[in-house]
J.: 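The structure follows.
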Amino acid sequence: MQDTFTIGIEEEYLLVDLDSLELAAAPDALMDACTTELQDQVSPEFLQCQIEIGTKVCETVAEAREDLRNLRSCIAREAKKHNLAPIAVSCHPFSDWKDQQFTDKDRYSQLERELEGVARRMLISGMHVHVGIDENPRRIDLMPQLAYFLPHLLALSASSPFWQGDDTGLASYRLSVFDNMPRTGLPPVFASWGEYERTTGTLIDMGVIEDTTKIWWDLRPSDHYPTLETRICDVQPRMEHALALAALTQALTRMLIRLRDRNLRWREYDRFLISENRWRAQRYGITEGLIDFGERRIRPFDELLNELITLLAEDAEALCCLDEIASLRDIVKTGTSSTRQRAVYRADGPQAVVRHLIEEFHADL
């Protein structure tokens, strides 16, 4: 195999006031302190109550762990100086999007002008995982195969059951908000890198978008790096869960390249069918299973995960992430963040959910 399968993790956090537990804007002093320590690994996000981080290019999940721990620790430490705390959750349990302010940045101002009310509702945070694939044709070839597993990643990552104080009934309400944006959802299938460039280039040439960073599919070739970028996951309150999902993404990518090198490939299914599993993951998380299109039946998620762990054993061993992938069984056993949040909400109410999320952010630091 030529590819190194390096990984990079991007996460978006929400900032909450430690007294009211409502969302709060990041003071300039907080951003300045984080930038001084973390340099370009930290940046403001679309809303002033958000902050984004990105790991360096990492060879292994163990390397990513050290970098991610440093990033999370710095933001938690500096936020506390301003009576704030970060939470790694895709929707705040009760704060209202209408009360939030936009970050004063050209890109975000342009986004608000272009999308109006759709942009103003974007009080959501996600987790993106980059996996290094050196050649553009391979990146395009892998996309429709890796897309099959996007619902699995979403189901395991679900962390957004609440919206403005209401239980939405969904495990990942974040996608319901994000899918109102243009150029989102499952990626199209392209026959070649040239077709991808011609298709996306049509919008660029007409000035509709300036580059492919304005294409927000669940899976896309990165505009800046030689990577495939999965964007389907809700952000994870617990760092170790984020690393386990990154390990799964890395191993899945290696497995598909391994099949390709043996003149094999994962069967490609119509986007209509994958979309049904995407909806099931969005609605239920891991509680109601996903459709196995080969067997033509809905299978419990624990069965699917065990099968996947066996399938990826060779790749996980080569990538030194066997333990992280095996730890995904803990999510199936104890529930996703959405499940945990609902349990806290039923017992103690919405503010207790925020305190729970603060505790989970700090648990692995």
Side-chain angles (χ1 to χ4, degrees), residues 10-54 71-72 74-128 159-166 168 173-184 209-210 213-214 216 231 234-235 237 350-351 353-355 357-358 361:
E10 298 171 345
E11 293 185 317
E12 298 158 345
Y13 307 139
L14 298 172
L15 293 170
V16 297
D17 182 273
L18 284 170
D19 294 325
S20 69
L21 302 176
E22 290 271 7
L23 290 172
D28 289 342
L30 168 59
M31 290 305 306
D32 290 345
C34 290
T35 302
T36 297
E37 181 170 341
L38 303 175
Q39 302 298 312
D40 60 356
Q41 287 188 264
V42 64
S43 63
E45 245 297 331
F46 185 55
L47 296 173
Q48 291 180 12
C49 61
Q50 292 175 298
I51 188 166
E52 181 178 13
I53 61 87
L71 292 166
R72 285 193 173 212
C74 173
I75 291 169
R77 181 177 64 254
E78 294 301 329
K80 190 174 182 180
K81 295 176 183 178
H82 300 274
N83 199 45
L84 301 175
I87 56 175
V89 66
S90 284
C91 294
H92 188 278
F94 55 83
S95 284
D96 194 324
W97 60 268
K98 293 187 289 292
D99 298 331
Q100 311 311 314
Q101 300 298 315
F102 294 100
T103 299
D104 186 14
K105 193 175 179 181
D106 287 346
R107 176 180 173 85
Y108 298 141
S109 298
Q110 180 186 358
L111 200 62
E112 183 188 7
R113 289 194 303 272
E114 290 176 354
L115 302 179
E116 292 287 352
V118 171
R120 289 192 288 273
R121 292 182 70 244
M122 290 288 288
L123 184 54
I124 55 175
S125 297
M127 167 186 166
H128 308 157
S159 74
S160 49
F162 300 110
W163 181 251
Q164 298 188 97
D166 294 327
T168 66
Y173 191 72
R174 163 184 151 266
L175 278 194
S176 297
V177 179
F178 195 67
D179 283 349
N180 285 295
M181 298 268 284
R183 304 178 293 278
T184 57
I209 57 175
E210 60 266 31
T213 63
K214 288 290 186 69
W216 299 293
R231 304 168 51 84
D234 278 7
V235 67
Q351 289 201 327
V353 177
V354 180
R355 287 190 287 269
L357 292 167
I358 294 171
F361 188 95

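Atoms considered below: every heavy atom in the structure, side chains included; atoms not considered: hydrogens, waters and symmetry mates.
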J.: For a 4.5 angstrom cut-off between non-hydrogen side-chain atoms, does P44 reach M31?
T.: yes

J.: Does any non-hydrogen side-chain atom of L357 lie less than 4.5 Å from one of V16?
T.: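 Result no, sub-4.5 Å side-chain heavy-atom pair not found.
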
J.: Any chance you could lay out the side chain to side chain contact (heavy atoms under 4.5 Å, CB included) test for L123 and W163, step after step, and finish with the verdict?
T.: CA-CA 9 Å; L123 184 54; W163 181 251; 4.1 Å; yes

J.: Compare every heavy atom of A24 with every heavy atom of L84, then report the nearest pair and how far apart it is.
T.: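 The pair with the smallest heavy-atom distance is CD2-CB, 3.6 Å.
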
J.: Check whether S160 reaches the backbone of R174 with its side chain - one donor and one acceptor, N or O, closer than 3.5 Å.
T.: yes

J.: Rounded to the nearest 0.5 Å, what's the gap from CG on D32 to CD on E78? Could you check?
T.: 10.5 Å

J.: Measure the spacing between CD of Q48 and CG of D28 and express it to the nearest 0.5 Å.
T.: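 The CD atom of Q48 sits 8.5 Å away from the CG atom of D28.
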
J.: Of all the heavy-atom pairs spanning D96 and Q100, show the shortest one and how long it is.
T.: O-NE2, 3.0 Å

J.: Any donor and acceptor pair, going by atom type alone, linking the side chain of H92 with main-chain N or O of L21 inside 3.5 Å?
T.: yes

J.: Enumerate the ring-ring contact (aromatic ring centres under 6.0 Å, His included) contacts for residues 15-38, please, sequence neighbours excluded, ordered by first and then second residue.
T.: none

J.: I'd like to know if the side chain of T168 and the backbone of F162 have a donor-acceptor N/O pair within less than 3.5 Å.
T.: no

J.: When rounded to the nearest 0.5 angstrom, what distance separates OH in Y13 from CG in L71?
T.: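 Reported value, rounded in 0.5 Å steps: 6.5 Å.
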
J.: With a 4.5 Å cut-off on side-chain heavy atoms, are V354 and F94 touching?
T.: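 With C-beta onward as the side chain, the pair touches.
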
J.: Does V235 offer a backbone N or O that forms a donor-acceptor pair with the side chain of S159 under 3.5 Å?
T.: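 Checking the backbone N and O of V235 against the side chain of S159, a donor-acceptor pair under 3.5 Å is found.
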
J.: Once side-chain hydrogen bond (donor to acceptor under 3.5 Å, both in side chains) is applied, do any residues pair with N83, and if so which ones, sequence neighbours excluded?
T.: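 Expected list: D19.
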
J.: With side chains defined as the heavy atoms from C-beta onward, is the minimum distance between L14 and S95 less than 4.5 Å?
T.: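 With C-beta onward as the side chain, the pair stays apart.
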
J.: Which value, rounded to the nearest 0.5 Å, describes the distance between Q164 atom CD and Y173 atom OH?
T.: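 Reported value, rounded in 0.5 Å steps: 8.0 Å.
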
J.: Main chain of K214, side chain of R183: is a donor-acceptor contact present, judged purely on distance under 3.5 Å?
T.: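 Yes: the side chain of R183 pairs with the backbone of K214.
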
J.: Which pair of heavy atoms, one from V42 and one from I53, lies closest together, and at what distance?
T.: CG2-CG2, 4.2 Å

J.: Please step through side chain to side chain contact (heavy atoms under 4.5 Å, CB included) for the pair M122 and W97, ending with a clear verdict.
T.: CA-CA 8 Å; M122 290 288 288; W97 60 268; over 6 Å; no

J.: For the atom pair CD1 (I75) and CD (E52), what is the distance rounded to the nearest 0.5 Å?
T.: 10.0 Å

J.: Distance check, rounded to the nearest 0.5 Å: D99 atom CG versus L47 atom CG?
T.: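 Atom-to-atom, D99:CG and L47:CG are 11.5 Å apart.
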
J.: Ignoring hydrogens, what is the shortest heavy-atom contact between C34 and I51? Give both atom names and the distance.
T.: SG-CD1, 4.5 Å

J.: Is the backbone of S20 close enough, under 3.5 Å, to the side chain of Q351 for a donor and an acceptor to pair up by distance?
T.: yes

J.: Tell me whether Q50 contacts the main-chain N or O of I124 through its side chain, where contact means a donor paired with an acceptor under 3.5 Å.
T.: yes

J.: With no hydrogens and no angle check, is any side-chain donor or acceptor of S90 less than 3.5 Å from a backbone partner on G126?
T.: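 No.
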
